[in-house]
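We use all heavy atoms of the structure for the numbers below, so side chains are in, but hydrogens, waters and symmetry mates are not. In the text below, chain A, chain B and the rest are named by the order of the sequence lines, each starting its count at 1. None of these values were measured; they are calculated from a predicted model.
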Amino acid sequence: MDFTLTPEQEALRAEVRAWLTANIPDEWVNQIVGRADVPRAEAYDFMRAWQRKLYDAGFIGLTWPKEYGGRGLTFMEELIVQEEMALAKAPPILNILGVGMAGPTIIAYGTEAQKSRYVSKILSCEEIWCQGYSEPNAGSDLASLQMRAVKDGECWVISGQKVWTSLAHVADRMMLLARTDPDAKRHKGITYFLLDMHLPGVTVKPLKQLTGDAEFNEVFLDNVRVHESEVLGGVNNGWAVGLTTLMYERLALGFGLQVRLRIALDGVVDLARRMEKDGRVITKDRIMRQKIAQLWIETEALKYTGARGITKLLKGEMPGPEASSGKMIWVDTHQRMQELAMEIEGPYSQLTRGSDWAVEGGLWQYTFLRSRANSVEGGTTEIQKNIIGERVLGLPKD
Amino acid sequence: MDFTLTPEQEALRAEVRAWLTANIPDEWVNQIVGRADVPRAEAYDFMRAWQRKLYDAGFIGLTWPKEYGGRGLTFMEELIVQEEMALAKAPPILNILGVGMAGPTIIAYGTEAQKSRYVSKILSCEEIWCQGYSEPNAGSDLASLQMRAVKDGECWVISGQKVWTSLAHVADRMMLLARTDPDAKRHKGITYFLLDMHLPGVTVKPLKQLTGDAEFNEVFLDNVRVHESEVLGGVNNGWAVGLTTLMYERLALGFGLQVRLRIALDGVVDLARRMEKDGRVITKDRIMRQKIAQLWIETEALKYTGARGITKLLKGEMPGPEASSGKMIWVDTHQRMQELAMEIEGPYSQLTRGSDWAVEGGLWQYTFLRSRANSVEGGTTEIQKNIIGERVLGLPKD
Amino acid sequence: MNFGFSEEQELLRATARKFFENECPSTFVRARMEEPGGVTDEFWTKLAEQGWLGLVYPEEVGGTGLGFVDLVVLMEEMGRASMPGPFFSTVLLGGLTILEAGSTAQRKEWLARIASGQAKVALALTEPSARWDAAGVTATAREEGGGFVLSGTKLFVLDAHIAEAIVVAMRTRESGRPEDGVSLFLVPRDARGLEARLLPTMDQTRKLCEVKLGDVRVGKDALVGTKDGAWPAIDRVIQRATVALCAEMCGGAQKVLDMTTDYAKIRIAFGRPIGAYQGVKHKAADMLVEVENAKSLTYYAAWAVDENSPEAPLAVSMAKAYVSDAFRRAAGNGIQLHGGIGFTWEHDLHLYFKRAKGSEFTFGDATYHRERVAQLISL
Amino acid sequence: MNFGFSEEQELLRATARKFFENECPSTFVRARMEEPGGVTDEFWTKLAEQGWLGLVYPEEVGGTGLGFVDLVVLMEEMGRASMPGPFFSTVLLGGLTILEAGSTAQRKEWLARIASGQAKVALALTEPSARWDAAGVTATAREEGGGFVLSGTKLFVLDAHIAEAIVVAMRTRESGRPEDGVSLFLVPRDARGLEARLLPTMDQTRKLCEVKLGDVRVGKDALVGTKDGAWPAIDRVIQRATVALCAEMCGGAQKVLDMTTDYAKIRIAFGRPIGAYQGVKHKAADMLVEVENAKSLTYYAAWAVDENSPEAPLAVSMAKAYVSDAFRRAAGNGIQLHGGIGFTWEHDLHLYFKRAKGSEFTFGDATYHRERVAQLISL
């Protein structure tokens with residue numbers, strides 16, 4: 001057990017820290033759009049440019065192969081960069097689904113042509129990706145998806161509907177699961193496509209959320225013709241490829257979410273130092289101190305539990321139980337953190353953006369509401385617990 | 001809505017209060033055995049006498065018919081008596097399973113002969129009852145019970161094993177469920193017997209619990225011959241009769257448990273006033289005040305939710321959702337109350353009976369450990385939630 | 001003892017439920033959310049016609065003369081409908097303050113007009129310190145020329161922007177006890193120097209305002225109740241309004257439970273309705289238990305308030321502490337058990353979720369009221 | 001960075017697990033529970049032969065010279081076995097205090113004998129006030145005739161009744177700061193005026209004593225460390241012992257999870273193994289998450305302690321706060337998910353349940369350590 005860094009790693013830390021200091025716009029940190037966990041529409045242009053800058057500086061995709069725009073480093077270097085981003089309250093990555101899921105999956109399953117075509121543009125944010133898994137009747141129960149793809153010459157003709165598709169309204173590409181063999185049972189007969197969102201027949205309809213934003217979308221495919229070269233990992237092998245994506249998602253979450261959680265926690269502590277309740281500064285209230293300390297501890301636990309998983313990865317082992325729990329810990333901790341922010345604000349929690357009385361411009365009201373989706377997006381908490389119970393603990397299926 | 005009492009009810013309250021003041025031995029209240037939720041073996045003789053005294057004074061079985069030793073009053077009078085018992089910290093009832101379950105079930109289903117034979121002796125504690133439902137492989141899943149009863153002339157010959165049988169080691173009678181038709185499916189083919197525990201072939205084996213006490217037992221029946229006149233409610237009708245018993249149990253719980261909960265809460269408050277943590281009296285600590293207040297609120301909630309159920313009963317309606325939740329609320333509140341008692345004691349929580357350093361003679365250590373059974377006995381919390389989900393909310397079966 | 005509702009009360013519930021299903025469906029609520037006023041004249045008139053705007057006012061001032069136990073029934077149904085508009089601010093804050101503290105003349109003048117739907121009156125109590133106790137009243141009224149000059153800022157004032165008049169709590173004397181030296185003034189909204197500005201809120205069915213008082217001059221007759229001695233009346237108003245709020249929250253929580261149960265019966269995942277899974281079923285059972293407890297404590301508080309029982313303050317704090325947690329959790333679980341659909345704007349769940357959050361912090365949150373319980377049980 | 005165990009550490013874990021499975025099955029534990037001593041000479045000798053009694057002592061005093069990260073591995077396995085006996089009191093309290101505060105001579109004399117299994121040494125710190133801070137030390141030692149006279153009562157002293165000697169923390173000077181004026185004395189258990197009395201405990205694998213000091217006379221050489229200045233050393237001992245305790249608790253929690261998972265796979269209810277029901281499965285998943293987090297925080301604290309990192313106090317308090325809750329909940333859920341069988345004396349679950357409760361309040365509970373975290377992060 002050793003938390004000390006090599007001289008090269010120390011140098012990387014210094015480099016990224018200096019770069020962030022020089023490059024994060026001061027006003028960014030104080031902007032409501034910037035502190036939110038999830039990119040908000042007002043910030044897309046800024047964030048596109050920001051990710052490009054990160055790419056040019058080499059601070060994104062550190063573990064990806066050099067030939068596809070990465071740096072061929074280990075998760076340790078990735079962790080260092082992520083930690084510095086948290087400390088600097090750096091903006092989140094816009095093309096997060098590309099970087100966290102599409103890229104690693106293409107690197108793992110793609111043909112040479114697919115890798116050359118797609119990977120570096122993911123990092124540079126030239127092409128934004130979204131994920132087409134969920135359907136109206138296939139949310140948690142992904143294997144029941146109904147979108148159909150029928151072979152016609154060199155193309156697959158795809159029709160159906162996806163839902164809860166983040167970023168679809170700005171995305172250039174979609175990781176798409178569709179049923180290519182209607183007779184095969186549930187998990188079988190599904191294929192993973194790299195879909196061009198600009199093809200004829202693709203319609204994106206924003207879905208307004210309880211936050212008032214429309215960050216998710218419905219995506220309708222009406223006889224969209226996709227060339228067979230856009231199949232990833234083989235026909236009818238989509239379930240395996242899709243699970244890989246989800247595995248990378250969890251890994252990416254383990255990294256990224258911890259960083260965002262720390263930023264949120266620091267924000268809560270700042271908030272608590274400034275707000276009063278019954279005439280007493282929140283941080284001087286024994287009850288509130290308990291709640292803040294507990295969140296602090298859980299945020300640290302997520303970090304160290306993540307570090308244990310990364311250590312195994314670095315050793316070439318498969319991550320164990322500690323990896324599966326990352327998402328669950330994050331969801332639970334983050335939602336309670338947001339609830340605590342509301343509690344700290346008290347009656348002010350009712351005032352939102354557009355009022356000069358709104359605390360921090362209504363940032364927390366937005367992030368609080370947005371956090372409700374955490375326990376559903378990327379697999380409900382109930383499903384995560386099933387997965388842990390069945391795959392990690394070996395309990396019988398329901 | 002009206003919480004005022006009639007003059008008769010006020011008179012009853014005064015009467016029972018005066019009687020309790022005159023009759024509860026002073027030393028009782030301070031005895032470890034007396035404050036426990038469940039009768040402890042050392043106190044059986046005292047409690048037998050105590051219940052007899054209550055019976056002679058007419059303060060038990062108030063709602064039962066006069067011809068069987070009751071007073072033919074309403075649940076309102078029962079509630080008044082119970083409340084006074086809580087205030088006076090009266091000892092619990094030894095023959096609680098008889099009073100809470102066997103008696104009402106016999107009154108509901110019994111023949112005239114059965115009612116005359118059994119009911120008044122339940123109230124007077126002449127005959128103690130136990131409940132023979134659970135078996136080693138039929139705990140929560142009661143319908144899978146395996147004890148067999150085979151007809152032989154005028155008798156049923158019964159063999160098999162019961163388990164978790166409270167009071168069996170002192171009981172004279174058992175409410176026994178056995179399978180009389182092995183070919184009928186699960187719920188069918190079960191009969192309810194009134195078993196004489198002193199019959200040949202009945203063996204009781206105490207089961208030592210984690211408290212160190214042996215309050216539960218295993219009961220083995222080896223070809224026990226039970227006369228057919230001891231069948232309650234008809235052959236193969238045991239499931240319905242048994243459920244009635246459980247309904248009365250919940251009702252009895254709604255009364256009795258709330259009373260015991262209030263006694264425990266008052267004890268916790270007293271404890272908190274006397275104990276210190278880090279040099280500060282517990283009741284002056286903002287964090288502990290929150291925890292105590294929350295338990296206070298929940299104890300009151302149980303009372304009022306119970307009162308709503310009783311109001312419906314008094315009006316001749318079936319109790320609604322508020323009745324089903326009584327046991328769950330009680331379990332949850334009581335277990336947290338006991339945990340809080342341990343927290344208040346801090347390091348003293350480790351010292352048990354037999355040490356002069358033990359707080360209140362180690363009472364709380366016993367009640368804390370004993371409380372772990374609450375969420376299993378009389379139906380696990382998981383089963384209670386299933387029942388509420390399915391029968392009250394109408395959700396589909398698992 | 002009788003801890004149930006009378007036939008008249010059950011009838012009121014049935015009437016109200018039907019009324020709100022017809023008159024206040026979620027399309028109506030959503031339309032009002034988009035508008036500053038939050039209510040239509042037509043709807044307001046209908047409430048008046050039902051006798052609900054004066055439900056708890058004495059008959060001699062134009063009310064129906066019923067009690068808080070009756071009101072609780074109505075408020076549950078309003079909460080169930082997530083009803084928008086100035087009912088709470090006018091009937092239970094402004095109006096109730098006039099009832100509790102006002103002169104016979106003031107009561108006659110205002111309560112009849114409130115009950116008949118002609119007047120809306122707000123109560124401006126809290127300030128930027130966001131405190132619910134007397135120490136929170138720091139805006140000052142100084143005597144001058146036979147009248148008073150009012151200065152300061154009030155915040156979180158419900159519906160001030162559409163009220164005809166605003167009852168404002170002002171400090172008229174500094175003293176050791178914050179409870180001494182608070183007075184109430186009835187100020188027309190169009191008074192010179194008074195500015196009521198609508199603020200954007202998370203729960204758009206609740207319209208909150210900032211009220212700025214810039215040397216607002218009022219006559220002696222603007223005083224509601226005795227000078228310096230208004231706090232006990234305010235305290236009673238807060239107590240009563242808190243009971244009403246708890247009932248509204250119970251109604252909302254019950255609605256969320258109903259919606260969630262209905263959805264769990266029809267939504268299929270892995271081949272079965274999700275309500276068949278214990279992960280869903282047990283959460284729903286927990287919700288039921290909490291909702292029932294919430295109601296029990298609220299009903300008891302309403303009874304205690306009606307009876308002027310010495311237990312009333314304790315009963316009210318017990319209710320608000322419990323109900324705040326229960327509604328928040330019910331609404332959160334409701335969204336969770338609905339999955340993605342529960343997170344959409346189109347689905348009505350968020351109306352309740354946001355209402356739960358706003359109500360949680362109104363008149364003090366669970367922590368505040370648990371501490372009050374601790375005080376009231378002499379801990 | 002490497003947040004994993006070395007091959008040597010993994011080997012230690014495997015060795016320890018096998019050792020305790022063979023040498024410390026629950027029959028052994030239960031036999032020791034019934035006896036006052038709580039250990040057999042044979043078992044103690046075997047621990048010494050494994051080198052575990054001196055694991056964290058330097059080689060020059062007869063130890064193995066390993067660190068707390070290594071110790072954590074061993075303690076997890078001890079916790080898994082619910083190991084009884086004076087390991088904790090001798091190696092991590094008495095011994096560690098001598099290591100931290102003692103003179104070279106004292107260390108040489110005692111640590112070698114501890115490591116070889118020849119001596120058992122207890123630490124008497126807490127008093128009837130049950131405080132873990134310096135203010136809790138009120139028993140006095142006054143100088144007299146070139147030595148000291150010790151008076152007072154120590155409580156919750158682990159294994160004092162079987163120790164050869166007891167290190168006692170005494171107040172030698174009153175001062176404004178409770179941390180000033182505390183001294184340590186090494187007193188033979190058979191010293192005149194010292195009475196160590198075994199107390200009945202809930203967790204019978206832990207033997208707690210009352211230690212009465214009735215004018216016990218000791219020489220100047222009984223002083224361990226500097227007069228009046230012992231608190232920093234005690235503080236370090238508490239910190240280190242807390243890490244060891246957390247590791248033991250993690251081992252216990254993991255064992256409960258294993259037992260529960262195994263049971264959930266075979267116990268049939270309503271036609272299926274209970275582990276198939278989400279009511280059981282989701283609770284087990286929650287347990288896993290908490291146990292893993294508990295380990296992560298404990299491992300980090302062990303590393304921080306080994307490195308003498310300035311973050312060590314924070315890391316230790318984070319671990320103890322979290323682990324206290326996690327073990328309590330795991331043990332409680334373990335019993336619950338076992339149903340009736342989990343409540344029997346014969347089943348081993350209660351050993352862990354009681355251990356969890358005792359450990360929760362040793363060196364401060366979760367609330368205490370959360371407040372310490374708040375202080376250490378300058379809240």
Side-chain angles (χ1 to χ4, degrees), chain B residues 134 136-144 163-164 186 207-216 275-279 285 287-288 291 335 339 342-343 345-358 362 365-366 368-370 372-377 380-383 385-386 397-398, chain D residues 126 128-133 135-136 155-156 197-204 206 208 210 267-272 274 276-280 283 328 331-332 335-347 349-351 353-354 357-368 370-371:
Chain B
S134 294
N137 292 309
S140 292
D141 181 12
L142 202 55
S144 68
V163 76
W164 321 126
R186 287 177 52 86
L207 206 53
K208 192 172 170 188
Q209 298 149 224
L210 60 77
T211 56
D213 281 13
E215 166 207 334
F216 296 147
M275 300 291 296
E276 291 190 356
K277 193 178 174 185
D278 300 321
D285 181 306
I287 298 163
M288 298 304 273
K291 293 184 183 180
Q335 288 185 340
E339 292 273 4
M342 294 294 96
E343 189 181 340
E345 292 195 9
Y348 281 95
S349 68
Q350 299 172 81
L351 305 183
T352 54
R353 187 145 62 138
S355 158
D356 11 305
W357 285 107
Q365 282 64 35
Y366 173 76
F368 162 67
L369 289 175
R370 179 62 183 76
R372 295 316 305 183
N374 298 157
S375 46
V376 172
E377 56 192 339
T380 63
T381 295
E382 286 75 14
I383 295 299
K385 290 185 183 178
N386 276 355
K397 283 191 76 79
D398 207 336
Chain D
T126 42
S129 69
R131 295 178 72 147
W132 300 103
D133 56 7
L155 204 58
F156 314 110
R197 194 159 58 100
L198 180 62
L199 305 172
T201 46
M202 188 193 292
D203 173 4
Q204 293 169 288
R206 296 274 204 224
L208 291 181
E210 170 201 47
R267 169 74 184 182
I268 308 289
F270 302 100
R272 278 191 286 166
I274 59 169
Y277 298 104
Q278 291 186 353
V280 172
K283 272 214 183 80
R328 180 189 64 239
I335 288 184
Q336 178 63 19
L337 298 185
H338 274 76
I341 196 87
F343 194 66
T344 58
W345 185 265
E346 275 62 38
H347 202 288
L349 272 170
H350 72 99
L351 306 183
F353 183 74
K354 293 169 181 172
K357 188 48 73 185
S359 302
E360 182 180 352
F361 298 119
T362 300
F363 307 134
D365 65 7
T367 304
Y368 175 88
R370 276 192 291 265
E371 173 55 32

Ring geometry between B:Phe368 and D:Phe353 (parallel below 30°, tilted from 30 to 60°, perpendicular above 60°): parallel
Pair count under 4.5 Å, heavy atoms only, with chain B: among D:Arg206, D:Arg328, D:His347, highest is D:Arg328
Heavy-atom closest contact (B:Tyr348 atom, D:Pro128 atom, distance): OH-O, 2.5 Å
Heavy-atom proximity to chain B below 4.5 Å, by part of D:Thr367: side chain
Steps toward side-chain contact (heavy atoms from CB on, under 4.5 Å) verdict (B:Asp356, D:Arg197): CA-CA 11 Å; B:Asp356 11 305; D:Arg197 194 159 58 100; 3.1 Å; yes
side-chain contact (heavy atoms from CB on, under 4.5 Å) with D:Gln204: which residues, sequence neighbours excluded? D:Met33, D:Trp345
For the candidates B:Leu207, B:Asn137, B:Ile287, B:Leu351, which exhibits the highest count of non-hydrogen atom pairs separated by less than 4.5 Å from chain D? B:Leu351
Residue among B:Glu276, B:Glu345, B:Gln365, B:Glu343 with most heavy-atom pairs under 4.5 Å to chain D: B:Glu343
How long is the gap from OG1 on D:Thr344 to NZ on B:Lys208, to the nearest 0.5 Å? 11.0 Å
Roughly how far, to the nearest 0.5 Å, is the CH2 atom of B:Trp357 from the CG atom of D:Leu199? 9.0 Å
Under a 4.5 Å cut-off applied to non-hydrogen side-chain atoms, are B:Met342 and D:Met202 in contact? yes
Side chains of B:Leu369 and D:Lys354: closer than 4.5 Å at any heavy-atom pair? yes
Minimum heavy-atom distance D:Gln336-B:Thr381, with the two atoms named: NE2-N, 4.0 Å
Please report the shortest heavy-atom distance between B:Pro136 and D:Arg267, naming the atom on each side. O-NH1, 2.8 Å
Using heavy-atom distances under 4.5 Å, tell me whether D:Thr201 contacts chain B through its side chain, its backbone, both, or neither. both
Report yes if some heavy atom in the side chain of B:Leu210 is under 4.5 Å from a heavy atom in the side chain of D:Ile335; otherwise report no. yes
Residue pair B:Trp164 / D:Ile341, side-chain heavy-atom distance below 4.5 Å: yes
Does any non-hydrogen side-chain atom of D:Tyr277 lie less than 4.5 Å from one of B:Glu382? no
Keeping B:Asp141 on the side-chain end and D:Phe270 on the backbone end, is there a donor-acceptor pair under 3.5 Å? yes
Under 3.5 Å donor-acceptor, B:Lys277 side chain and D:Tyr368 backbone: no
Heavy-atom side-chain proximity of D:Phe343 to B:Val376 below 4.5 angstrom: no
D:Glu210 versus chain B, heavy atoms under 4.5 Å apart: side chain, backbone, both or neither? side chain
Where on B:Lys397 is there a heavy atom nearer than 4.5 Å to chain D: the side chain, the backbone, both, or neither? neither
The side-chain contact (heavy atoms from CB on, under 4.5 Å) partners of B:Asp213 (sequence neighbours excluded) come to B:Arg40, B:Thr211, B:Tyr366
Is a donor on one side and an acceptor on the other found under 3.5 Å between the side chain of B:Gln350 and the backbone of D:Phe156? no
Tell me, side chain or backbone of D:Leu155 under 4.5 Å from chain B's heavy atoms, or both, or neither? side chain
Tell me which of these, D:Gly279, D:Ser129, D:Gly364, D:Ala269, has more heavy-atom pairs under 4.5 Å with chain B than the rest. D:Ala269
Quick one: of B:Ser144, B:Ser349, B:Ser134, B:Ala143, who has the most non-hydrogen atom pairs under 4.5 Å with chain D? B:Ser349
Can you tell me which of B:Lys385, B:Arg372, B:Glu339, B:Gln335 forms the most heavy-atom pairs within a distance under 4.5 Å of chain D? B:Arg372
Most heavy-atom pairs under 4.5 Å with chain D, out of B:Ala214, B:Gly346, B:Ala358, B:Gly354, belong to B:Gly346
